[in-house]
Number of protein chains: 2
Amino acid sequence: MPTMKDVAQRAGVSVSTVSRVISGSDRISAATKERVRAAMKELDFHPNAIARSLASKTAGTIGLVVSRSPENAFANSFFPEVIRGIGSVLSKHGYYLLLIMTDDPEVERAQTLAALRSRRVDGAIVTSSRVSDPLFRHLVEEKRKFVLIGRVLDDLPVSYVDNDNVKVGYMATRHLIEAGYRRIAMISGATEYVVSLDRIEGYKKAITEAGMEFRKEYLVNAGFTRESGEDACRKLLALEEPPDAIFAADDTMASGAVRAILKSGLRIPEDVGVIGVNDDPLASMMRPALSTVRIPVFELGVWAARILMDLLSNGETVPRQMVLPGTLVVRETSSARGLFSA
Amino acid sequence: MPTMKDVAQRAGVSVSTVSRVISGSDRISAATKERVRAAMKELDFHPNAIARSLASKTAGTIGLVVSRSPENAFANSFFPEVIRGIGSVLSKHGYYLLLIMTDDPEVERAQTLAALRSRRVDGAIVTSSRVSDPLFRHLVEEKRKFVLIGRVLDDLPVSYVDNDNVKVGYMATRHLIEAGYRRIAMISGATEYVVSLDRIEGYKKAITEAGMEFRKEYLVNAGFTRESGEDACRKLLALEEPPDAIFAADDTMASGAVRAILKSGLRIPEDVGVIGVNDDPLASMMRPALSTVRIPVFELGVWAARILMDLLSNGETVPRQMVLPGTLVVRETSSARGLFSA
DNA sequence: CTGTTAGCGCTTTCAC
DNA sequence: GTGAAAGCGCTAACAG
């Protein structure tokens, strides 16, 4: 592999000159620039990114930490989309993406910290939202550059981009109310996630705001899987006064709920309405097609990356927060009284 | 940030000693090892991965190239699984994963080559299988270390791990035949992919082997999307003598086919049988649940990574190929004559 | 077992 | 506009 030295010799200049034409310095005569370019081509020279990093003290890489605990099967549809979003901005800045993803949260935390501390990455985007994750405290204390997709409950000075989950819960529930349902239950995700807490809050808000009574037995927690959604729904249907509509905090769980309802012989949306969250591809493929609140995953990625780029370049230090809205998508599972049709 | 030099001073040793304890050399007294460890801890020292890479001439990172052309929406379920597989072996070897993924195949190729040439990654795993992709020729000519998930048609000396797609096509078709169907059509993916070609071959083999006649009009190409599957199926159903079973080369297309069939008023599996490929989560969630041939995606990732690790460590030079079998998963869409039940 | 000494390939003052 | 020289932080012979 030829080095800059080789190129310099061949072009009859010094290495610093070669370095300059590579980095696009303007204080270089067009002639030498040409000569150097030619030499690089002839030698098939490609600058060594590692050496460049060492000298310039920037890795040119950012880390993406994807929480992938077993419950997070839902991450499947989320994952490629955030990456697309992130990638779309990183590539403009010439950054690479290092992926950190393990089944074990401990390992994940260790790897994230290690990647940052070893200077392998300049910063990180973390997708997670556990109610209390020691990772963030470490990150903040060590003054690492990072952006969270989700949000933290503690008032740590953290930059994040999140979707407005309280509103998401509110919109979904409100839609069911407007569609004419009256006994609305919620199947929430594990409460160790902030996102779950937020959506529950939105649900409660819509319920009480509509003058309905919040019933404890109408709120059940489940994992993010289809099976747990089905189980949860079955329990709800077995109540003395079963709900006539179900808001599941995730499409996958919603699909489980749909199954439970159908199995029990009830009709959707006539007897029971259902709405999920995400607008997973699954939602439109199901029969009946699932109403849902669409989350702008691609955009979450875009903004997380943009903010991180700012943190890295402008040396920005004030944390920046950003909240993106969801969009109601009405399909077939939620139009009991024909008020809506999709 | 403290460096090795700082640690060395504090521990009263030389930098090479520090280096040795870091790399776990055995020719080191327990005492000094302790002393150095203590110094590292006190200074909160973390070795600089970039510097280490420069000196040792290995990046400690491998690239994963994920083809994500628009047609490849199906990559959604594929993607996280391969990564899990790859990650499970990389982490054992202390390697990191750099993700290369763009919508534009040109850019993708450029980035892949750049990452390798700039020594940012030691090797790469490429998921793609276009019939003729110039990338592979380059990779081979430049003697890059890489493993393909999929396979190439040209006889380039390439290491790859693939699933046995001819067999997959054969199994699916054969199953339909055994289930009692007689007019079996195939909806294939775009023929620019080797995988499509292979599955078609398997389909033809099963057809002719069963003494049936291969009918041109029963083989239609589609993209990998649901819509294109639905369109393709509609065309098939409009034939003078429509098929009584459909083998779709992918679950997503199969779901489209199912929709077209149901819309046309036919029953599944009584009137028309359907089988897909992949065992996408979608397959088990659909109603009727989709019969399919399961592809061992996680394992593909595992083996690709293992082979790459060998290439990198043993300096292995002989390309290694590996072919993994699929598994028939019979569900509800393919048991016309009650021969099968799932 | 441990220290000395060269680099790894590039960036970046600081001169001219 | 261009060159010389001093690192960036670590590894890896080579001595001893």
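Here is the naming used below: chain letters follow the sequence lines, and residue numbers restart at 1 for every chain. Everything numeric here is computed off the predicted structure, so don't read it as measured data.
The list of side-chain hydrogen bond (donor to acceptor under 3.5 Å, both in side chains) pairs with a residue in residues 90-100 of chain B, not counting sequence neighbours, is empty.
Applying the salt bridge (Lys or Arg N to Asp or Glu O under 4.0 Å) criterion to A/Arg119, with sequence neighbours excluded, gives no partner residue. For B/Arg35, there are no salt bridge (Lys or Arg N to Asp or Glu O under 4.0 Å) partners at least two apart in sequence or on another chain. With sequence neighbours excluded, the residues forming a side chain to side chain donor-acceptor pair (under 3.5 Å) with B/Arg109 are B/Glu106, listed by chain and number.
Contact between the side-chain N/O atoms of A/Ser14 and the OP1/OP2 oxygens of D/dT2 is not found at any separation under 4.0 Å.
Residue B/Val13 is classed as a sugar-phosphate contact, given heavy-atom separations below 4.0 Å to backbone atoms only. Among the atoms of the strands shown, none is found under 4.0 Å from any heavy atom of B/Arg119. A/Ser19 comes within contact range of at least one nucleobase, with a heavy-atom separation under 4.0 Å. Heavy atoms of B/Thr32 sit under 4.0 angstrom from primed sugar atoms or phosphate atoms, though from no base atom.
Salt bridge absent: B/Asp44 and A/Arg117 never bring a charged side-chain N and a carboxylate O closer than 4.0 Å.
Where A/Arg20 and A/Ala49 each meet DNA chain C at their nearest nucleotide, the meeting point lying more 5' is that of A/Ala49.
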Restricting to nitrogen or oxygen on both sides, can you table the protein-nucleotides 5-9 of chain D pairs closer than 3.5 Å?
| from | atom 1 | to | atom 2 | distance (Å) |
| --- | --- | --- | --- | --- |
| D/dC8 | O3' | A/Lys57 | NZ | 3.0 |
| D/dC8 | O2 | A/Ala55 | N | 3.4 |
| D/dG9 | OP1 | A/Lys57 | NZ | 3.0 |
| D/dG9 | N2 | B/Ala51 | O | 3.4 |

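With the end axes of the helix from C/dC1-D/dG16 to C/dC16-D/dG1 each set by five pairs, the angle from one to the other reads 30° at 10° resolution.
With respect to B/Leu116, the side-chain contact (heavy atoms from CB on, under 4.5 Å) criterion is satisfied by exactly one of B/Arg144, B/Lys145, B/His138: B/Arg144.
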